[in-house]
Amino acid sequence: MTTNASLPELEAIVRQFAGVEGGMLPALHAVQHHARYISKDLIPVFADVFNVTVSEVHGVITFYKDFRTEEPAGPIVQVCRAEACQSRGGRDVWDRALLAGDGKKVVVEEVFCLGHCALGPAASVDGRLIGGVNETSIETIIGDAIAKRIPEPSIDTTGEGVTVYVPRDAASRAAGADDVAAAFAKQKGVRVVRNGSWGMMWLEPMIEVATKEGRIAYGPVLVDDVASLLSADVLNGGAHPLRLGLTTELPWIKRQQRVTYQRVGVVDPRSAQDYEANGGVKGLKRALGMTPSDVVTEVTDSGLRGRGGAAFPTGIKWRTVLEAPGTTKYIVCNADEGDSGTFADRMLMEGDPLTLIEGMIIAGLATGATKGFVYIRSEYPIAIDVMQKAVVLAQAEGVLGASVMGSGHAFDIEIRVGAGAYVCGEETSLLNSLEGKRGVVRAKPPLPALEGFMGKPTVVNNVISLASVPVIFEKGAEHYKNFGLGRSRGTIPLQIAGNVKFGGLYEIAFGLSLGEIVDTIAGGTASGRPVKAVQVGGPLGAYFPRALFDTPFGYEEFAGKEGLIGHAGLTVFDDTADMLSQARFAMEFCAIESCGKCTPC
């Protein structure tokens with residue numbers, strides 16, 4: 001990024017997006033990435049390129065929190081104020097950050113969730129995530145940002161020899177995984193593989209060593225532990241205080257029913273060979289031999305429902321788009337995961353991106369769509385990078401493009417980035433944003449399935465919904481439907497966050513009670529104090545007291561208690577939590593994040 005870019009240079013960047021469907025946001029991002037802000041002198045250029053009024057351009061820029069029309073004073077330090085971080089002292093960190101940055105060459109701003117909810121409080125410096133922040137460390141973080149002390153670049157999979165897996169998941173990197181990977185990469189006879197996280201956040205960075213017995217886990221491993229691990233013959237699975245045992249035998253992993261997340265943590269997310277060797281594209285190959293109607297029927301029979309919050313049956317939505325008139329149709333993946341306590345989408349995209357791509361292709365086969373978009377929130381820079389590279393990889397492998405796996409069916413994907421608007425997690429707001437507009441809610445009807453992106457029939461599904469599709473075709477609808485209870489079929493990735501002893505992602509069939517999740521899986525609070533309440537379903541969800549802990553984890557069961565599962569984020573609070581303060585914060589959050597057009601909702 002540079003701050004001395006000339007206006008002609010920036011104008012040329014804008015004009016590169018002429019003719020791009022909904023190209024306004026990508027163009028704004030490109031200019032701001034280059035110059036760190038968007039000069040007001042460029043607004044007429046945007047208006048000319050995208051054939052809109054100057055006021056419309058101004059409206060788009062001012063709607064999204066990410067965009068700036070003035071040069072920032074210095075590095076951008078974001079501090080999470082969402083509930084999961086609050087439950088671990090985030091309010092005090094935010095107050096200290098404001099004091100530490102006051103009057104200095106730095107921008108300190110609030111953000112509502114950075115997707116590091118199991119090990120908060122969280123902060124970021126120019127997009128680089130940092131976890132486990134406290135009142136003391138936030139001052140150091142801000143000082144380092146002002147002094148431009150930047151860590152070494154993250155290394156990719158590298159080397160030859162004994163394989164050591166070091167996660168490149170955002171949460172793992174926030175805990176120091178990049179330094180650990182670099183230290184192992186310096187050793188002769190070591191191959192470092194950057195996999196995704198297995199979801200045991202309290203053990204991150206958790207490394208694994210490939211041995212004859214299987215993959216042996218050690219954790220949490222910091223860079224200062226590497227020397228003692230090597231001395232303990234870690235490359236042969238040697239004994240060490242950080243040795244955990246075989247990864248697949250760890251209780252957290254062994255008790256799960258990993259279906260959608262079967263490859264996350266297992267594979268190198270940048271390897272097509274790794275993906276296929278672990279069951280990838282089997283579902284796609286089967287779907288390619290089926291009619292569109294039969295593909296839709298398979299999804300309908302599986303009982304899959306939307307995992308983004310509304311829980312609408314996926315098959316019904318696909319059938320509507322399939323039967324809608326017109327030859328131009330779209331698949332849109334909603335990866336604008338903004339609820340506090342949620343990080344399942346991020347983990348999937350960073351740890352197994354090709355699963356999401358495969359699910360979107362099958363959705364295209366089912367509905368007649370030939371183009372897909374993945375709309376990812378800007379707070380997930382690592383997920384954005386991984387998905388962009390995964391799309392390029394899938395194109396090179398012939399999985400995406402004019403003829404999917406030589407079938408004659410066309411389908412391609414483009415990655416789009418949000419700009420800091422929580423409301424764009426709502427499907428019609430997202431579609432407006434994707435079209436380059438303010439992310440305000442549309443009135444329904446018409447439904448997006450009939451008039452969605454650019455007025456064309458559009459499937460809008462969440463990351464987990466689409467990522468669950470490949471396994472349905474790999475193992476059959478009946479296999480998937482056998483998990484769950486009532487109308488809640490399949491598995492659900494529980495995101496356990498806040499003040500918990502064991503926070504992370506845990507995939508299991510619907511049906512566990514809330515008490516089993518909080519007390520048995522999560523191990524109670526990190527503080528050791530009694531649990532007071534659990535927020536389920538994000539800021540628009542409900543706080544469940546212990547009196548409701550016998551509620552089974554299912555859509556209708558939670559609705560019956562006047563709650564909602566939403567994206568399955570659970571934020572735990574101990575008995576020191578001030579519920580009046582939490583209620584006040586919820587209202588503050590809604591006021592800040594409102595698009596100002598409340599009637600449709």
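Note that the coordinates shown come from a computational prediction; the quantities given were computed from them, not determined experimentally.
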Next item on the list: Show the numbers, then the answer: is there a side-chain hydrogen bond (donor to acceptor under 3.5 Å, both in side chains) between Tyr543 and Thr571?
Entry: CA-CA 9 Å; Tyr543 285 86; Thr571 300; over 6 Å; no
Notebook entry, point to check: Can you name the residues that form a salt bridge (charged side-chain N to carboxylate O under 4.0 Å, His left out) with Arg346, not counting sequence neighbours?
Noted result: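 With neighbours one apart ignored, the set is Asp169, Glu350.
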Check: Is the shortest heavy-atom distance from the side chain of Leu564 to the side chain of Val536 under 4.5 Å?
Finding: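 With C-beta onward as the side chain, the pair stays apart.
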Looking at [X] and [Y], what are the two nearest heavy atoms and their distance?
| X | Y | result |
| --- | --- | --- |
| Ala568 | Pro493 | CB-O, 3.7 Å |
| Asp336 | Cys424 | OD2-C, 3.2 Å |
| Pro220 | Leu242 | O-CD1, 3.6 Å |
| Asp66 | Gly420 | OD2-N, 3.5 Å |
| Pro205 | Leu222 | CD-CD2, 4.2 Å |
| Leu431 | Pro448 | CD1-CB, 3.7 Å |

Check: Is there any ring-ring contact (aromatic ring centres under 6.0 Å, His included) pair reaching into residues 500-523, and which pairs are they, with sequence neighbours excluded?
Finding: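 Sorted pair list: Trp202-Phe502, Trp252-Tyr506, Phe510-Tyr555.
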Note to self: On the six-membered ring of Tyr480, is Arg489 placed so that its NZ or CZ lies under 6.0 angstrom from the centre and within 45° of the ring axis?
What the structure shows: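 Not flagged: Arg489 not positioned over aromatic ring of Tyr480.
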Return yes if some donor-acceptor pair links the side-chain N/O of [X] with the main-chain N/O of [Y] below 3.5 Å, else return no.
| X | Y | result |
| --- | --- | --- |
| Gln257 | Ala509 | yes |
| Thr520 | Ile517 | no |
| Ser433 | Gly439 | no |

With no hydrogens and no angle check, do the side chains of [X] and [Y] hold a donor and an acceptor under 3.5 Å apart?
| X | Y | value |
| --- | --- | --- |
| Tyr261 | Thr355 | no |
| Ser465 | Thr314 | no |
| Asn432 | Arg442 | yes |
| Arg319 | Thr367 | no |
| Tyr422 | Asp339 | yes |
| Thr491 | Glu507 | yes |
| His240 | Asp225 | no |
| Asp550 | Ser513 | no |
| Glu204 | Ser172 | yes |
| Thr247 | Glu208 | yes |
| Ser429 | Glu427 | no |

Note to self: Could you go through Asn461 and Asn334, starting from their C-alpha distance and side-chain angles, then the distance that decides it, and tell me whether this counts as side-chain hydrogen bond (donor to acceptor under 3.5 Å, both in side chains)?
What the structure shows: CA-CA 6 Å; Asn461 277 145; Asn334 182 348; over 6 Å; no
Checklist line | Candidate pair Gln582 and Phe573, rule side-chain contact (heavy atoms from CB on, under 4.5 Å), full reasoning | finding: CA-CA 10 Å; Gln582 292 306 128; Phe573 292 82; 3.7 Å; yes
Next item on the list: Please lay out, stage by stage, how Leu114 and Gln78 fare under the test side-chain contact (heavy atoms from CB on, under 4.5 Å).
Entry: CA-CA 9 Å; Leu114 289 165; Gln78 293 184 318; 4.0 Å; yes
Checklist line | Ring centres under 6.0 angstrom apart (Phe549, Phe544) | finding: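 No, the ring centres sit 6.0 Å or more apart.
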Next item on the list: Output yes when Glu556 and Arg305 qualify as a salt bridge under the 4.0 Å nitrogen-oxygen rule, no when they do not.
Entry: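 Yes, this pair counts.
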Notebook entry, point to check: Salt bridge or not for Arg81 and Asp95, using N-O below 4.0 Å?
Noted result: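 Looking at Asp95 together with Arg81, the answer is no, because their closest N to O distance does not fall below 4.0 Å.
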Margin query: If you apply the rule ring-ring contact (aromatic ring centres under 6.0 Å, His included), what do you find for Phe558 with Phe553, and how did you get there?
Written below: CA-CA 7 Å; Phe558 263 66; Phe553 208 81; 5.1 Å; yes
Margin query: Using the salt bridge (charged side-chain N to carboxylate O under 4.0 Å, His left out) definition, which of the options Glu379, Glu109, Glu593 pairs with Lys65?
Written below: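 Only one of Glu379, Glu109, Glu593 forms a salt bridge (charged side-chain N to carboxylate O under 4.0 Å, His left out) with Lys65, namely Glu593.
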Checklist line | side chain to side chain contact (heavy atoms under 4.5 Å, CB included), paired with Leu570, selected from Val500, Leu494, Thr342 | finding: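 Single side chain to side chain contact (heavy atoms under 4.5 Å, CB included) partner of Leu570 among Val500, Leu494, Thr342: Leu494.
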Next item on the list: Please assess Val332 against Leu430 for the test side-chain contact (heavy atoms from CB on, under 4.5 Å), listing each intermediate value before the final yes or no.
Entry: CA-CA 9 Å; Val332 172; Leu430 185 153; 3.5 Å; yes
Item checked: Residue pairs, two or more places apart or on separate chains, that pass salt bridge (Lys or Arg N to Asp or Glu O under 4.0 Å) and touch residues 564-582 ->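 Qualifying pairs, neighbours excluded: Arg529-Asp575.
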Checklist line | Verdict with reasoning, Leu466 to Val463, per side-chain contact (heavy atoms from CB on, under 4.5 Å) | finding: CA-CA 5 Å; Leu466 289 163; Val463 170; over 6 Å; no
